[in-house]
Amino acid sequence: MNTTPQWAITRRSAAVVLAAGNLLPLAAQAGDFSSRLEILSYRQETDSWGSSPFARVATLPDHSLASELRPDLAWRDEHLAASLKPRLAATQTLGETHVSTWLNEGWLRWQPTPGWSLQGGREALLWGPAMFWNPSNPLFPTNNKANPRREVVGKNILRARWQIVPGWAVTGINAVGRRESDTGPKRLYAMKLDWSSQDAAAAVIAASEPGHAPSWQGYAQWTASEATLLYGELAWRAGQPYTVANPAGTASGWATGLTPARRSALALLGSSYTFENNWTLYTELWHNGNGLNKADAARLGSSASLLAGQNTAIASAQLGALINEPAPLRRNYAGLQLGNDGSGNTSWKIRVTRNLDDQSMEWVGMLDHNFSDHLQGWINLMRRSGARDSEYGRWVRGSSMLGFTWFAW
Amino acid sequence: MYKPLLLIIGLALLPGHPAWAATAPDAQALLRESDLARGGNLPGIAWTITITAHDQDGDSERSLDALADTQNSRVEFTAPARMRGERIIMQGHNMWFVRPGLQRPVPLSPRQRLLGGAATGDIAATRYATDYAAQIMGEEAVDGEDCVLLKLTAKTRNTTYDVIHYWVSEKRRLAVKAEFYTVSGKLFKSARFDYANSLEYAGHKTPFVSRMVITDAINPAQLTTLRYTGIAVRQPDPSAFELNQ
């Protein structure tokens with residue numbers, strides 16, 4: 001078995017990680033310094049649909065072992081603050097060990113006068129009240145709610161925030177880059193106007209990518225009672241182009257192509273209710289105007305099935321292209337999440353997502369248990385069901401993650 | 001003809017008639033005064049809270065640093081290690097939970113519990129005079145100290161509690177005991193307060209809350225103790241309550 005580590009460390013990220021260990025403790029002498037260290041180890045198993053045509057071109061490893069070192073370093077004084085979150089991960093899969101390092105977040109903030117702040121560096125700038133999907137954020141197309149063990153990797157962002165009066169603030173955002181492997185726009189300019197009152201909060205975001213028409217986003221939430229929250233998110237923007245299969249005079253009879261990135265509405269309505277036993281139920285309905293319609297989805301399903309029965313050399317390239325589609329794939333969804341409050345030593349959560357267009361479903365269960373103040377054991381289970389050509393019935397049938405987190409300090 | 005008038009005068013002179021009624025304090029003003037010793041009505045305040053919960057499963061403890069201005073509060077957990085860096089941001093009655101690994105702020109309802117019997121609303125600066133309408137119910141001694149018993153009724157539906165019975169010391173103008181009720185009138189927890197801390201503000205030295213002990217009404221063995229230390233009046237920068245900090 002080959003267990004030779006395959007290092008994937010860039011010179012720049014290694015320098016940042018080394019600097020993290022040396023510079024911030026020195027700065028600590030002049031301000032408040034804090035740090036925390038998390039070490040995760042977990043085993044992940046993936047179960048693919050045996051009949052999936054995609055299994056021909058992309059064999060998912062049935063299990064992998066991984067460990068991650070996650071130090072968080074923070075420093076602040078009266079006018080300056082800095083944060084550094086370098087990461088080191090080792091993954092063993094199919095008999096090979098891969099080691100990688102990266103900078104998840106690292107930024108410097110300057111507050112010249114009360115109410116003003118300027119910040120630059122890498123950060124995961126996430127917002128929006130919804131639990132399943134956040135269409136109001138044009139920078140980060142996915143959040144990590146379905147698997148909170150995975151961190152969202154930051155993007156390189158410059159931003160300036162002005163608290164105009166209590167309850168009103170405006171932020172100018174310039175995203176100047178991201179890692180090659182990450183999703184979402186590389187460059188983006190945005191203005192975000194935040195408002196909050198005693199019982200409600202809202203934001204409007206205007207954003208523009210170079211060479212694209214501006215997009216509009218927003219969200220609002222209302223604390224309707226001591227137990228009820230109501231919220232919504234909206235967006236009017238162009239989606240990422242989708243890969244679809246079109247009939248063609250090729251050997252396979254099909255050719256993959258990209259859909260035009262048309263502008264359409266994305267909307268989500270949600271509510272949460274906390275019961276007297278402190279369980280909380282979230283209910284959400286959402287519409288993804290950029291998703292595949294029924295005809296495109298049917299072509300996608302039938303072309304994948306047809307390609308599965310053809311010569312590998314002809315079919316593989318097109319099947320490979322069909323796998324990489326954005327999520328959510330279709331247009332209409334419903335989500336339910338029920339969980340306890342986590343104030344005890346055991347917390348749990350169940351999430352159900354139903355694709356209302358093809359009726360396929362995804363179930364996620366999460367269970368955490370604190371063995372001590374430093375050690376937590378956890379398990380995440382995911383199971384999917386649906387027709388062979390449906391979103392959740394196409395490729396992966398289920399997965400599980402079983403792991404431990406050691407909180408060193 | 002004079003009978004009704006005589007009856008009214010007679011009733012007024014009965015020995016059982018509360019003598020304090022004639023000199024009864026303004027309920028809302030008394031509530032506002034008592035809020036000061038629990039962090040309300042100050043331009044800004046910073047403190048450290050240690051929460052200890054005791055129940056049949058044993059003891060658990062959490063420590064957090066809190067910061068508040070007139071509208072907003074922010075608490076950051078410093079212990080135990082597994083919670084270090086977690087934050088709760090409160091803007092009015094809007095609350096969010098931010099975990100270092102999760103990154104995205106998650107909205108919370110005021111009902112969601114923090115630890116043991118402590119609700120998220122219990123750790124914020126107390127602004128009962130803003131959130132509740134006070135009404136004097138009578139007077140009662142608590143541990144030998146004469147108190148005015150106030151009934152606090154929530155002005156809106158999104159406060160942490162619907163109804164509170166609140167015993168405020170007549171002499172010290174501080175809340176010494178509270179009972180928390182649901183809309184249906186069911187008692188679900190009670191609390192006692194100590195004031196061993198002091199605070200200097202506007203040239204005056206005033207007592208400040210040092211301990212809040214919460215007892216669960218259904219399971220009296222479940223005790224939650226909040227200890228307050230390191231109190232300082234400090235006007236925070238508004239950006240301290242920004243979600244993406």
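Keep in mind that the numbers below use all heavy atoms, side chains included, and drop hydrogens, waters and symmetry copies. Chain naming here is simple, since letters A, B, ... match the order of the sequence lines and numbering starts at 1 in each.
- Per-residue counts of heavy-atom pairs under 4.5 Å with chain B were compared for S372(A), P114(A), A408(A), S225(A); the largest is that of S225(A).
- Heavy atoms closer than 4.5 Å to chain B are found nowhere in T171(A), neither backbone nor side chain.
- If you measure heavy-atom distances from F275(A) to chain B, the contacts under 4.5 Å come from the backbone alone.
- Counting heavy-atom pairs closer than 4.5 Å to chain B, the top residue among T113(A), L37(A), D373(A), L375(A) is D373(A).
- The distance from atom CD of Q163(A) to atom CZ of F241(B), rounded to the nearest 0.5 Å, is 10.0 Å.
- Within the 4.5 angstrom heavy-atom criterion, no atom of D194(A) approaches chain B.
- Nearest heavy-atom pair, K85(A) versus P100(B), reported as atom, atom and distance to 0.1 Å: NZ-O, 4.0 Å.
- With a 4.5 angstrom heavy-atom cutoff, T280(A) touches chain B only via side-chain atoms.
- At a 4.5 Å heavy-atom cutoff, the contact between A227(A) and chain B is made by backbone and side-chain atoms alike.
- Nearest heavy-atom pair across P107(B) and Y282(A) is O-OH, 3.8 Å.
- Atom NZ in K155(B) sits 10.5 Å away from atom CD in Q198(A) (nearest 0.5 Å).
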Q. Can you check side chain to side chain contact (heavy atoms under 4.5 Å, CB included) on E38(A) and R82(B), steps first, answer last?
A. CA-CA 8 Å; E38(A) 246 180 76; R82(B) 66 185 153 80; over 6 Å; no
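- Of all heavy-atom pairs spanning P238(B) and G115(A), the tightest one is CD-N, 4.1 Å.
- Between E242(B) and K192(A), none of the side-chain N atoms (NZ, or NE/NH1/NH2) sits under 4.0 Å from a carboxylate O, so this pair counts as no salt bridge.
- When all heavy atoms of Q111(A) and D237(B) are compared, the pair lying nearest together is NE2-OD1, 3.7 Å.
- In terms of non-hydrogen atom pairs under 4.5 Å with chain B, the most contact-rich of S35(A), S34(A), P166(A) is S35(A).
- Ranked by heavy-atom pairs shorter than 4.5 Å toward chain B, the options L125(A), T228(A), N370(A), T405(A) are led by N370(A).
- Comparing S196(A), G167(A), A200(A) by how many heavy-atom pairs each has under 4.5 Å with chain B, the most go to A200(A).
- Crowding of W110(A) atom CH2: a count of heavy atoms from other residues, nucleotides or ligands under 6.0 Å not exceeding 12.
- Remark: T346(A) pairs with L367(A), H369(A) by the side chain to side chain contact (heavy atoms under 4.5 Å, CB included) rule, at least two apart or across chains.
- Residue contact with chain B, scored on non-hydrogen atoms closer than 4.5 Å, involves the backbone and the side chain of E276(A) alike.
- Interatomic distance, T78(B) OG1 to R36(A) CZ, rounded to the nearest 0.5 Å: 12.5 Å.
- Heavy-atom contacts from other residues, nucleotides or ligands closer than 6.0 Å to CZ of R192(B) number more than 12.
- Closest of all the heavy-atom pairs between T274(A) and S109(B) is OG1-OG, 2.8 Å.
- Heavy atoms of D72(A) lying under 4.5 Å from chain B belong exclusively to its side chain.
- From Q71(B), atom CD reaches atom OG of S197(A) across 9.5 Å, with rounding to the nearest 0.5 Å.
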